[in-house]
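Values in this document were obtained by computation on a predicted structure and should not be read as measured data. Ligands are counted one by one from 1 in listed order, and the atoms in each one are counted from 1 as well.
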Amino acid sequence: VKNLHLLSPDQIQSGKVLLEMGQSHLFQHWAEPGVDDDQKKAFFTQLSKLNSSYPGGLASYIKTARELLADSKAGKNPYDGFTPSVPIGEVLSLGDDNFIKFEDVGVKEAKNAAFVLVAGGLGERLGYNGIKVALPAETTTGTCFLQLYIESVLALQEASSRLTQGTCQKEIPFVIMTSDDTHTCTLDLLESNSYFGMKASQVKLLKQEKVACLDDNDARLALDPHNKYKIQTKPHGHGDVHSLLYSSGLLNVWHDSRLRWVIFFQDTNGLLFKAIPASLGVSATKEYHVNSLAVPRKAKEAIGGIAKLTHSDGRSMVINVEYNQLDPLLRATGHPDGDVNCETGYSPFPGNINQLILELDPYIKELTKTGGAVKDFVNPKYKDASKTSFKSSTRLECMMQDYPKTLPPSARVGFTVIDTWLAYAPVKNNSEAANIPKQNPYHSATSGEMAIYRANSLILKKAGVQVEDPVQQVFNNQEVEVWPRVTWKPKWGITFAEIQSKVGGGCFISQKSTMALKGRHIFLENLTLDGTLIINSSDDAKVKVGGSIKNKGWLIERIDYKDITFPEELRIRGFKIEKKEQLEKTYGNFCY
Ligand code: UGB
């Protein structure tokens with residue numbers, strides 16, 4: 001750049017770092033001084049952003065990359081010297097005494113929690129063009145994931161304050177990690193829906209930045225193929241959430257307002273909040289620094305297993321081990337059959353669903369040491385067995401569940417296993433279910449929606465309602481159970497105990513029925529439903545619903561995935577809801 005004085009000290013410093021770290025190739029094709037100065041300045045702007053957004057800066061990024069690329073070339077196993085064993089955790093089942101006890105503790109603790117949604121991923125696998133949190137979790141009410149999450153946090157906030165006799169509600173902070181791919185759309189979604197009822201000041205968006213791509217084993221940074229004044233970048237992964245929270249200063253703000261928990265969750269799991277109160281109760285009761293939510297996992301099933309790893313040198317950690325690494329690790333450490341089911345019919349290593357509850361104070365302490373960095377990994381696609389060159393540029397990546405890797409062995413790291421049907425139904429895969437191996441769950445928009453109806457039906461059953469059995473149907477090549485389409489606002493029942501208190505005897509719901517409860521104080525008693533019932537009620541209204549209701553209802557009609565006359569969010573499900581007839585009632589204040 002001809003006029004060096006136009007660069008900030010920060011930018012000049014970042015340039016020096018590049019030269020010291022053997023990256024002079026980046027400048028080799030630059031035009032002579034005075035030419036392309038605007039683009040050169042843009043290069044330095046990008047550089048200082050890359051430098052400031054990685055813990056330890058670009059020098060640390062390049063150094064780590066060289067080490068990890070060398071390990072990868074040498075075929076080094078990251079788990080060498082470690083022996084896996086089953087860690088200690090809690091296994092819960094909806095409605096059991098233990099579940100109810102932990103839920104009661106958890107819902108009271110919720111007012112001391114902050115929620116963090118990682119939503120920087122675009123979801124290429126899903127084949128959906130918009131942001132995933134804008135997708136309807138179910139199409140009976142059309143509630144999108146973000147609305148569901150916000151209303152769930154608000155319901156927890158209200159219940160928590162009420163149960164602890166708080167005079168005023170403590171506002172639960174809600175953070176969303178976005179990326180360049182999702183930030184604007186997420187903000188638009190929030191603003192155009194008045195933050196779904198949450199105060200705008202309660203919601204904070206933290207945008208993650210991409211990281212520099214690497215061209216070879218020497219960690220030479222890659223240039224953008226279309227712009228010689230730009231470093232090519234790619235996403236770094238959801239592990240960024242820790243450094244972003246740390247650098248935002250929010251953790252100290254939360255500490256000062258006496259919060260105790262940070263709860264991390266992913267973008268498309270419509271069941272998650274059914275598991276949160278009980279799991280938080282486990283964290284509080286067992287004083288876990290880290291609590292990973294998990295589901296029973298069949299041996300060798302394609303989700304990571306939570307394991308305790310003990311090294312021959314005495315180190316140990318409780319961590320998610322990817323399924324393709326767990327089985328060989330067990331075989332190499334005295335378990336010739338590898339990962340096998342135990343007497344429960346499941347692997348003793350529970351399946352990680354990547355929802356974490358961290359205790360705030362130890363979390364702050366740890367991040368102060370690490371600067372928020374979690375262990376990176378690299379996954380280059382080599383051209384050939386010599387492992388000397390890559391098919392395309394690679395980059396460092398990190399995962400939020402790797403946070404415990406740097407913790408001392410004294411840290412209390414546990415897990416909470418909750419039934420899959422109650423806790424886990426992510427929407428990740430596209431509708432061409434033919435591509436999903438038969439033994440794996442679909443994890444599609446079709447299965448995610450059906451899982452919500454199933455869970456709600458099973459919860460009502462447990463609460464004493466007679467719910468007719470589901471039928472099997474095929475949508476987009478996927479065979480799913482279709483239960484009555486039961487939905488409710490989170491404020492109707494955020495815990496099992498609350499739901500139970502709103503369900504009296506003598507209720508029956510047929511399989512063809514749809515029921516949407518959109519209000520707080522709605523009591524079901526002696527209700528026979530064979531059709532569609534929608535109840536809207538204001539928070540002050542107390543509504544008792546009963547009697548026999550029969551109408552043509554709402555039907556589920558199969559649609560063709562390829563039929564572009566339907567919107568994408570319906571096509572990825574393979575069905576739409578045909579509203580034939582319903583009973584819809586709206587109650588204002590003080591009705592009964
Ligand atoms: N995400 C970000 O916010 N930023 C990023 O850079 C990338 C992702 P995916 P993944 O639930 O079964 C995870 O793509 O990473 C957000 C666990 O690592 O849906 O393949 C993104 O928006 C894995 O151990 O999942 O796998 C989304 O909310 C397993 O538990 C979240 O991160 C798996 O999820 C996850 O991103 C699972």
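- Atom-to-atom distance recorded for Asn354:CG and Met399:CE is 8.0 Å, nearest 0.5 angstrom.
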Could you give the N/O to N/O pairs under 3.5 Å linking ligand 1 and the protein, each with its distance?
unit_1   : atom_1 : unit_2 : atom_2 : d
ligand 1 : 3 (O)  : Gly120 : N      : 2.7
ligand 1 : 4 (N)  : Gln208 : OE1    : 2.6
ligand 1 : 6 (O)  : Gln208 : OE1    : 3.3
ligand 1 : 6 (O)  : Gly237 : N      : 3.3
ligand 1 : 11 (O) : Gln266 : NE2    : 3.0
ligand 1 : 11 (O) : Tyr424 : OH     : 2.6
ligand 1 : 11 (O) : Lys428 : NZ     : 3.2
ligand 1 : 12 (O) : Tyr424 : OH     : 2.4
ligand 1 : 14 (O) : Arg125 : NH2    : 3.3
ligand 1 : 15 (O) : His238 : NE2    : 3.0
ligand 1 : 18 (O) : His238 : NE2    : 3.2
ligand 1 : 18 (O) : Gln401 : NE2    : 2.9
ligand 1 : 19 (O) : Lys428 : NZ     : 2.7
ligand 1 : 20 (O) : Arg125 : NH2    : 3.1
ligand 1 : 22 (O) : Gly121 : N      : 2.9
ligand 1 : 22 (O) : Asp267 : OD2    : 2.7
ligand 1 : 24 (O) : Asn352 : ND2    : 3.4
ligand 1 : 24 (O) : Gln401 : NE2    : 2.9
ligand 1 : 25 (O) : Lys428 : NZ     : 2.9
ligand 1 : 28 (O) : Val118 : O      : 2.7
ligand 1 : 28 (O) : Asp267 : N      : 2.9
ligand 1 : 28 (O) : Asp267 : OD1    : 3.1
ligand 1 : 28 (O) : Asp267 : OD2    : 3.1
ligand 1 : 30 (O) : Asn352 : O      : 3.4
ligand 1 : 34 (O) : Gln266 : OE1    : 3.3
ligand 1 : 34 (O) : Gln266 : NE2    : 3.3
ligand 1 : 34 (O) : Lys428 : NZ     : 3.1

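- Ring orientation note: the planes of Tyr61 and Tyr54 are nearly perpendicular, at an angle over 60° on the 30°/60° scale.
- Around the NZ atom of Lys405, the shell of radius 6.0 Å holds more than 12 heavy atoms that belong to other residues, nucleotides or ligands.
- With sequence neighbours excluded, the residues forming a ring-ring contact (aromatic ring centres under 6.0 Å, His included) with Tyr382 are Phe390, listed by chain and number.
- For Phe196, there are no ring-ring contact (aromatic ring centres under 6.0 Å, His included) partners two or more places apart in sequence or in a different chain.
- Residues satisfying the ring-ring contact (aromatic ring centres under 6.0 Å, His included) criterion with Tyr128, sequence neighbours excluded, are absent altogether.
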